[in-house]
Colleague: 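This structure is in structure tokens; I'll ask about it shortly.
Each ligand, and each atom within it, is numbered from 1 in the order the structure gives. In this text, all values refer to a predicted model and were calculated from it rather than measured experimentally.
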Amino acid sequence: MSETAKIELDGKVYEFPVIEGTEKEKAIDISNLRSKTGYITLDTGYKNTGATTSNITFLDGEEGILKYRGYPIEQLAEKATFLEVAYLLIYGDLPTKTQLDNFNRDITNHTLVHEDVKQFFEAYPAKAHPMGVLSSIICSLSTFYPESLDPNRSTEAKNLTILRLMGKVPTLAAWAYKNAMRHPFMYPRNDFDYCKNFLHMMFALPTQDQEIDPVVVDALNKLLILHADHEQNCSTSTVRIVGSSQANLYATIASGIAALWGPLHGGANQAVIEMLEKIHLDGGDVDKWVLKAKDKDDSFRLMGFGHRVYKNFDPRATIIKKACDDVLEKLQINDPLLDIAKKLEKVALEDDYFKSRNLYPNVDFYSGIIYKALGIPTEMFTVMFALGRLPGWIAQWKEMTENNEPIGRPRQIYTGHVLRNYVPIEQR
Ligand code: CMC
């Protein structure tokens with residue numbers, strides 16, 4: 001007989017099946033807990049709750065393991081292109097040469113955005129944060145493609161929306177930056193690969209073509225791969241939950257971008273650089289800021305440290321740290337912020353506060369530094385994360401719809417007033 005878990009409530013014992021994943025992770029299946037017992041579970045922040053079964057990404061926070069569809073992140077970051085990884089995540093297997101060529105061709109067929117979309121950009125203030133612009137413009141794409149409003153229309157229609165998103169998001173992301181600079185938009189170059197085309201739209205000007213350094217293209221390829229998926233994190237869970245209501249895919253991805261924006265999630269890469277700049281301007285006294293981070297009466301936290309799941313090391317951080325050193329050396333960049341970053345890293349590895357709480361530098365600690373070295377402006381860092389995470393969100397949404405998962409709708413334990421009678425305003 002397969003393993004079960006027993007729960008005793010009000011003197012009665014209930015049995016629940018234990019399910020085991022392919023990596024031997026175990027869960028108690030409580031899908032019928034409430035109907036059997038009348039109880040629900042309470043798990044604020046979903047620290048112990050599996051919201052789904054998934055065959056996309058595996059991560060083991062204790063061992064520092066991350067795999068996409070079974071392939072270790074180290075191998076993919078070293079050897080693959082971002083589009084190969086995107087294909088792997090979305091369709092389940094690494095593409096053959098023909099599949100990859102077709103995928104690339106189909107995406108490049110959709111890199112242009114409707115000319116009317118350009119007018120939207122003009123309406124935003126110059127100081128608009130590009131994440132706000134990106135999220136709202138992606139949602140607006142649904143108005144240009146009304147047939148996408150029904151996400152279950154057909155497999156072909158679903159795939160067309162996926163290809164449109166993969167093609168247009170880099171264009172929109174680069175245009176959000178150009179708009180903030182009040183520079184003319186650069187149109188996509190379909191003869192360039194995905195990363196090079198993005199850098200072209202960001203940095204070239206109509207008056208001068210921009211030489212794009214292959215070191216920068218390689219680093220961007222790696223960064224996008226490292227960010228491509230991370231199982232049921234905050235933005236991905238948002239995508240799955242919004243998508244579960246059968247909202248269209250543009251609106252669903254826009255919600256993922258909104259969730260990613262926060263400094264505790266993808267916004268941490270921007271927050272890291274802002275923190276390093278603050279420490280630098282304050283005289284560079286790292287110990288003073290470490291003390292602040294440890295002080296429970298001070299809301300300051302060391303940005304780029306700690307992770308909900310990784311409690312040993314973040315394998316993405318290990319890869320990116322090396323890439324960061326390579327890029328800084330190849331581009332011959334000497335950045336005082338990097339010295340502060342190195343001191344902070346040393347403290348975290350030695351200080352009891354950080355050691356006892358398993359707080360290590362995470363991927364965003366280094367990605368901020370690397371993006372800065374690549375010439376990407378700070379406010380664009382989280383947009384870069386979104387660009388990388390796009391295929392992961394799409395894959396998770398696709399899996400959720402293909403599995404016909406029910407609408408996401410957690411319960412709660414109500415702790416408010418039981419009953420109060422209405423009192424007219426004059427008597428309050
Ligand atoms: N600096 C100082 N103390 C910290 C930090 C930090 N960065 N992170 C956690 N702690 C302390 C926290 O105060 C708590 O201490 P105590 O046990 O004494 O109350 C303990 O460590 C556990 O923290 P928690 O907030 O319960 O942990 P969590 O799993 O809920 O939060 C986290 C994880 C990532 C939100 C948090 O570590 C954090 O705020 N880090 C800084 C923001 C950051 O870098 N976010 C990017 C995450 S990686 C990108 C991504 O995948 O989204």
Colleague: Could K278 and E274 be called an ion pair, given the rule that one side-chain N must be under 4.0 Å from one carboxylate O?
Modeller: no
Colleague: Is there a donor-acceptor contact under 3.5 Å linking the side chains of Y91 and N159?
Modeller: yes
Colleague: Between the side chains of N32 and S35, does any donor sit under 3.5 Å from an acceptor?
Modeller: no
Colleague: Could you name the protein residues that come within less than 4.0 Å of ligand 1, counting only heavy atoms, and order them by chain and residue number?
Modeller: K47, P263, L264, H265, A268, A293, K296, R301, L302, M303, G304, F305, G306, H307, R308, K311, R316, Y353, R357, L359, N362, D364
Colleague: Considering only distance and modelled atom types, tabulate donor-acceptor pairs under 3.5 Å from the side chains of residues 332-342, sequence neighbours left out.
Modeller:
from : atom 1 : to   : atom 2 : distance (Å)
D335 : OD1    : L337 : N      : 2.9
D335 : OD2    : K372 : NZ     : 3.1

Colleague: Indicate yes or no: does D351 engage K294 in a salt bridge with an N to O separation below 4.0 Å.
Modeller: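 A salt bridge is present here (some side-chain N lies under 4.0 Å from a carboxylate O).
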Colleague: Do the charged groups of K47 and D43 touch, with an N to O distance under 4.0 Å?
Modeller: no
